[in-house]
Structures are given as C-alpha cells and as structure tokens.
There are 2 protein chains.
Amino acid sequence: MRILLIEDEPALGDAVATHLKRSNHAVDWVQRLDDADAALRAVDYGLVLLDLHLPDGRGLDLLRQLRKADDKRPVIILTARDQIRDRIEGLNAGADDYIVKPFDLDELVARILAVQRRSAEKASPTFRAGNLTIDQAARKVWRDGDEVQLTAREWALLECLAQRAGATLSKAQLEEALYAFGAEVESNAVEVFVSRLRKKLGADAIHTVRGLGYRLER
Amino acid sequence: MRILLIEDEPALGDAVATHLKRSNHAVDWVQRLDDADAALRAVDYGLVLLDLHLPDGRGLDLLRQLRKADDKRPVIILTARDQIRDRIEGLNAGADDYIVKPFDLDELVARILAVQRRSAEKASPTFRAGNLTIDQAARKVWRDGDEVQLTAREWALLECLAQRAGATLSKAQLEEALYAFGAEVESNAVEVFVSRLRKKLGADAIHTVRGLGYRLER
DNA sequence: ATCCTCGATCAGTAAAATGCGCATTGGACC
DNA sequence: GGTCCAATGCGCATTTTACTGATCGAGGAT
C-alpha cells in the first residue's frame, strides 16, 4: 500500500520516510501542500500522513477538501504536543487518527496498520435490491443472506444491472458492458447469462421488459 | 460498554449521565475520588470520564495511578477553559483525549466513540482466517499454530489479501499492491506467488475466483 | 366491438464444443 | 535464496447451437 507523507520538517520527514520504506511501505514524501495536491491527483495512495502546519497553507484545508470530495482514504495527522486544538479539529474534519510529535516510529507503523485495517473493514458500500445484497468492492452477492458464487461474466452482468438498478437496460447495452470493446458476439449470450443468474439468484431477481431489455428492481 | 463519570458539579454530572444513558451507555456517576477508586475496583469499566478538580484530591493522581498499574483503559478529561496546564499535564499523564467545559453533549458522545474505537484497535492486532493466524504488526503467520516463514513478496501478497479478507481481489489490484509504482511486471507473478503461498499455507488457504481474482476466506 | 386462432418473433433453457485462464514447473537472473 | 520469466497441460467458464416455451399482433368469425 502506497503512502503519501506531507511534512515540511526535513529531519522528521526523512526519518519517517526512511523508516516506513524499511517497513516495506512505498512512500512518497512531499513538503508543500500544492505538491501534495498534485501527488494525490496522480497516484492512488492508500493512506496519507499529514502535518497540519505547512509553509504554503493549512493541512486541515487539504483534509477538508478530500472529505468534501467524498474521498474516504485514511488520513493520520502529525501534530505537535501543544497544538491540541489542531488535533481535535482534525478529527472533526475527518481524520482517522492522530499521533503526537515527537513520536516513536514503530508506534507510527502500528497506527498505520490499525487505520488500514479499520478502513478496509468499513469500506464496503453494500447495497440491497429485493432479497439480494450486493458488495461491489468485494465482488460478492448474497441471496437471503447466503452467499452466491458467481462466475466472471455472471458478475459483470449483475454489476452492470446493479449500477443502474431500477432502469431498463437494452441487450445491446449489456453486451457492450460484458464484452470489452469490439469483441462482437453473435449469439444470445446475454439471454444465456440472464438465465444462469436467475437460476442462482431466483427467478424474480431480474425482470424482463419485453422488446426493451432487462431491469434489476431497486 | 460501561462508563465511569467522575465529576463533582451536580448540574453537569447529572446532565452528562442522563445524556449518555439516553445514548445507550451504561453510566455510573461518582462525585468523589475515593468513590471513583472503589468503583474502579468493583466494576469493569470500559472508559473513564475524569474531572480534574475534585473536593478530595487531584484527578490527575487517579489517572497516574491507573497508568502506573498498567491499566490502559481510555480516559477522557473534563476541564475548564482556563485550566490549560491541566490539559497538558493530563495528556502527559496518559489521558486519551480531553474536552473543554462547557461542552456539547453530542460532541462528548462522538469523542467517546472515537476513543473507544482507537483503544479497541490496540487490543487485538492479530486476526484469524481459517486455520491461519496473521499478525500484521509482527509480520508473522501461523498455520495450525506453527509459524510459517514467508519471503517479502509472499508476505506482501498475503497481507493484501488479509486486509480485505473475504473480498475478491483482481490480479491487477494485487499487482498494484505488490509493486510500488512504475515497476510493472509483465508476467504471471501474482499466480506464481499464489502458488507458493498455497504450498506453504495449504491449498485451500487462497480461493481462486476464475476470471475475477483471488480471495482469502474470513 | 369482443373473442379466438394462428403464425411470427422474441425469450428461456439445456447441452455440447471451444478456447481461454490458471497452476505448476524448471531454469535464468540478480 | 529470492524473484522473475517461459512453456506446458489441464479444467472449467464461456460460447455456440438448437430446441422449447412465451408473447404479441393480425385477421376472421361471431
């Protein structure tokens, strides 16, 4: 998991980056907020370590901005002992944890692991449709609470229907979603997979709209 | 989770106790330090709310005493706005958080939840999946109680699967996690390491979902 | 108009044929 | 020794084919 470290003090930043790398984490270290901004846009970090006092702006604003954009990636705040207000503002702004400088590097690693574990748990926005529960991130489906094993195509079809639950999708649309660009299929593939899904998920899971396509009721 | 409230002001104590009870917490309210002492001995509290100015002694001493006895239960300090010294001393003495009077009761509840979450995290850093026991912090794995030695890549792969145990992860996702930025691998590296992990951890440790990826059962 | 019949089209299912995705191995490279 | 790559063979998901069943509209009889 790749980590973004935002810290302007060279000594501390270097120490943290080195130690984390030694603990087998991939770390990018930036010293300014606008660099952080650019890095976040370019790379898919799994976690952010954020010092709140930076030369070109308030770290807190970066955090608020992230959360406002519905970005739920874990953020751990690095704060000095006397900046107690920051800590609390940080937590209120959506930080996942904080650690007080000067801190033990092993403790930081422990916190990182803890936060990652926690965020891995919460980050599964499952949604329900009839007697089905669908977890897109985990690629899982439950029927009446029992997990159902799907094959790749079956899942792709269900995912497509679920993403636009309530809407009727034409067979052409579904075909497009199933077969990555160009790979035309000249058969009733969609119907075949609808059939198999119905067998696994229940006959009334997918509603056919004759002449138009299929629909997953919300 | 049962909470001990140590607060001598009747109006505040009553308000806090009532509000917490309404938020489905079990609360015991004491007004004196020796009562608190007795209560702590008698009941297994999960969290302590501590006013530092009490008629029969300093709350700080109670806190220090707890920490000295290696008691790591979370403590939140209740303090007046002008008593800044107290807050800092409190944190140094091992408090987990503090809140300034007069405070919003809902904020107190939020703090309590945050602190509880954090302390629950510290407690059990190891987790189980089937016949495997995985300690992320120590980077160790046991199979049926016997420790298994893993290489760096093997561990990285297992860690990734473990962090999202139960979810199906695509090979692309696993590759991304294994190879920090840029170091693209154009081979069946993931498959190879899955194979080696299976050899070490048992054939059924990692489940393949054909066409989708791999999954570590919870 | 209403009802029924019939044919045509579209949808559902089963089962066989195909070919891709995966596991595994041995050897090269660092 | 750890990691990465290439080649092999196998098994299962996919795809196709072909058949059965469902639905609808047209048109004739009442």
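Note: hydrogens, waters and symmetry copies are ignored here, and every other heavy atom, side chains too, is used. Naming convention: chains lettered A, B, ... in sequence-line order (proteins, then strands); numbering from 1 in each chain.
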Original post:
Does a side chain donor of either A/Gln116 or B/Gln163 reach within less than 3.5 Å of an acceptor in the other side chain?
Top reply: yes
**OP:** Starting at atom OH of A/Tyr214, determine the distance to atom C1' of D/dA22, rounded to an integer number of angstrom.
**Re:** 12 Å
Subject >> Separation between CZ of B/Arg73 and CG of B/Asp44, rounded to the nearest 0.5 Å >> reply: 5.5 Å
Subject >> Side chain proximity check, B/Thr168 to A/Trp155, heavy atoms < 4.5 angstrom >> reply: no
Subject >> Reference residue A/Tyr214; test side chain to side chain contact (heavy atoms under 4.5 Å, CB included); the match among A/Val190, A/Leu157, A/Leu169 >> reply: A/Val190
**OP:** Heavy atoms of chain B, cut-off under 4.0 Å: which first and last nucleotide of DNA chain C, 5' to 3', fall inside that, if you could look?
**Re:** C/dC20 to C/dT25
**OP:** Please report, rounded to the nearest Å, how far the P atom of D/dC4 is from the CG atom of B/Asn188.
**Re:** 11 Å
Subject >> Selection: residues 191-203 of chain B, any non-hydrogen atom under 4.0 Å of DNA chain D >> reply: B/Val192, B/Phe193, B/Arg196
Subject >> Side chain to side chain, B/Leu150 and B/Leu197, heavy atoms closer than 4.5 Å >> reply: yes
Subject >> Point-to-point distance, once rounded to the nearest 0.5 Å, from NE2 of A/His53 to OG1 of A/Thr79 >> reply: 7.5 Å
**OP:** Residues of residues 146-156 of chain A with any non-hydrogen atom less than 4.0 angstrom from an atom of DNA chain D: list those, numerically ordered, please.
**Re:** A/Thr151, A/Ala152, A/Arg153
**OP:** Give a yes or no on whether B/Lys140 atom NZ has more than 12 heavy-atom contacts from other residues, nucleotides or ligands under 6.0 Å away.
**Re:** no
Original post:
Mind checking whether A/Leu5 and A/Leu78 have side chains closer than 4.5 Å, heavy atoms only?
Top reply: yes
Subject >> Residues that B/Asp204 engages under side-chain hydrogen bond (donor to acceptor under 3.5 Å, both in side chains), provided they are two or more places apart >> reply: none
Subject >> Pair B/Tyr98-B/Asp86, side-chain donor/acceptor within less than 3.5 Å >> reply: no
Subject >> Relative orientation of the end axes in the helix from C/dA1-D/dT30 to C/dG26-D/dC5, expressed as an angle to the nearest 10° (five pairs per end) >> reply: 30°
Subject >> All salt bridge (Lys or Arg N to Asp or Glu O under 4.0 Å) counterparts of A/Arg196, not counting sequence neighbours >> reply: A/Glu154
Original post:
Are more than 12 heavy atoms from other residues, nucleotides or ligands located less than 6.0 Å from atom CZ of B/Arg128?
Top reply: yes
Original post:
Whole Å only: how far is the CG atom of B/Leu157 from the P atom of D/dC4?
Top reply: 12 Å
Original post:
Quick one: OG1 on A/Thr18 to NZ on A/Lys21, what's the gap to the nearest 0.5 Å?
Top reply: 6.5 Å
